[in-house]
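Remarks on the structure that follows.
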Amino acid sequence: MPKVTYIDVDGTRYDCEVASGLSVMEGAVNNGVPGILAICGGSCACSTCHAYIDENWTARVGPPNDIEDATLDLANDRKPNSRLTCQIQVTDALDGLVVHVAKND
């Protein structure tokens with residue numbers, strides 16, 4: 001099972017096993033990672049699962065699609081490595097992914 005490391009806004013690390021096929025958001029919610037609010041339940045409509053992909057992983061994760069890009073405009077403190085975790089599907093290729101949780105209010 002792939003491992004994803006979530007780092008919350010306080011710097012606390014959460015090393016989690018996330019089943020392939022789940023979203024990075026679902027992995028955070030299932031493992032009790034604080035800060036991933038996921039108010040819309042993963043429909044790419046609210047930006048409350050906003051996170052920053054670690055720079056070593058941005059190329060492998062890839063860029064947002066047009067709908068996600070538009071929704072990210074609603075996010076607090078958007079950066080070039082911002083993504084909505086509901087839009088990233090966990091695969092074996094993402095084993096070791098590091099995600100920095102954004103301040104989601």
Side-chain angles (χ1 to χ4, degrees):
M1 190 174 308
K3 292 187 180 176
V4 177
T5 297
Y6 301 88
I7 302 173
D8 73 13
V9 295
D10 296 326
T12 303
R13 294 175 60 97
Y14 297 83
D15 296 314
C16 304
E17 291 188 348
V18 181
S20 291
L22 292 180
S23 69
V24 173
M25 177 211 74
E26 290 170 310
V29 170
N30 291 349
N31 286 284
V33 176
I36 300 290
L37 306 177
I39 291 172
C40 74
S43 62
C44 194
C46 71
S47 80
T48 61
C49 67
H50 176 217
Y52 307 110
I53 303 304
D54 191 85
E55 293 174 6
N56 295 323
W57 287 92
T58 54
R60 195 171 311 173
V61 170
N65 65 28
D66 291 342
I67 294 169
E68 180 184 353
D69 187 54
T71 305
L72 277 165
D73 286 339
L74 304 171
N76 293 327
D77 198 23
R78 182 179 181 173
K79 298 178 181 178
N81 60 333
S82 287
R83 289 294 307 268
L84 298 180
T85 57
C86 68
Q87 298 301 297
I88 303 168
Q89 184 178 26
V90 174
T91 65
D92 289 342
L94 294 183
D95 185 32
L97 176 64
V98 178
V99 176
H100 300 266
V101 178
K103 186 171 184 192
N104 295 309
D105 299 325

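In this chain, numbering begins with 1 at the start of the sequence shown. Model, not experiment: these values are computed from the prediction.
For the salt bridge (Lys or Arg N to Asp or Glu O under 4.0 Å) test, residues two or more places apart in sequence or in another chain that qualify with E68 are R83. Here D54 pairs with N56, H100 under the side-chain hydrogen bond (donor to acceptor under 3.5 Å, both in side chains) rule; sequence neighbours left out. Not counting sequence neighbours, the partners of D92 by the side chain to side chain contact (heavy atoms under 4.5 Å, CB included) test are P2, S20.
Within the model, atoms NZ of K103 and CG of D77 stand 10.5 Å from one another, a figure rounded to the nearest 0.5 Å. In this structure, CZ in R60 is found 12.5 Å from CD1 in I53, a value given to the nearest 0.5 Å. In this structure, the separation between CG on L72 and CD1 on I67 is 12.0 Å, given to the nearest 0.5 Å. Rounding to the nearest 0.5 Å gives a distance of 12.5 Å between CD of E17 and CG of L22.
Formation of a donor-acceptor pair under 3.5 Å by the D8 side chain with backbone atoms of D10 is found in this model. No donor-acceptor pair closer than 3.5 Å links the side chain of R13 to the backbone N or O of T5.
For residues 36-89, the pairs satisfying ring pair (Phe, Tyr, Trp, His ring centres under 6.0 Å) are H50-Y52, with sequence neighbours left out. Residue pairs that meet the ring pair (Phe, Tyr, Trp, His ring centres under 6.0 Å) test with at least one member in residues 26-47, sequence neighbours left out, do not exist here.
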side-chain contact (heavy atoms from CB on, under 4.5 Å) between L94 and V4, intermediate numbers included: CA-CA 8 Å; L94 294 183; V4 177; 6.0 Å; no
Could you go step by step and tell me if V18 and Y6 meet the side-chain contact (heavy atoms from CB on, under 4.5 Å) rule? CA-CA 11 Å; V18 181; Y6 301 88; 3.9 Å; yes
What's the verdict on salt bridge (Lys or Arg N to Asp or Glu O under 4.0 Å) for R78 and D69, showing C-alpha distance, side-chain angles and the deciding distance? CA-CA 10 Å; R78 182 179 181 173; D69 187 54; 2.3 Å; yes
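Follow the hydrophobic side-chain contacts under 4.5 Å out from L97 and you reach Y14 in the same cluster. The same ILVMFWY cluster, assembled from side-chain heavy atoms under 4.5 Å apart, contains both V99 and I88. Hydrophobic cluster membership differs between L84 and V90, with clusters built from Ile, Leu, Val, Met, Phe, Trp and Tyr side chains linked at under 4.5 angstrom.
Other residues, nucleotides and ligands contribute over 12 non-hydrogen atoms within 6.0 Å of the CG atom of D73. Counting heavy-atom neighbours within 6.0 Å of E55 CD, excluding the residue itself, gives a total of 12 or less.
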Please tabulate, one pair per line, all N/O donor-acceptor pairs under 3.5 Å involving side-chain atoms of residues 29-47, not counting sequence neighbours.
unit_1: N30; atom_1: ND2; unit_2: E26; atom_2: O; d: 3.3
unit_1: N31; atom_1: ND2; unit_2: G27; atom_2: O; d: 2.8
unit_1: S43; atom_1: OG; unit_2: C40; atom_2: O; d: 3.3

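Nearest approach of C49 to N104, heavy atoms of both residues: C-ND2, 4.1 Å.
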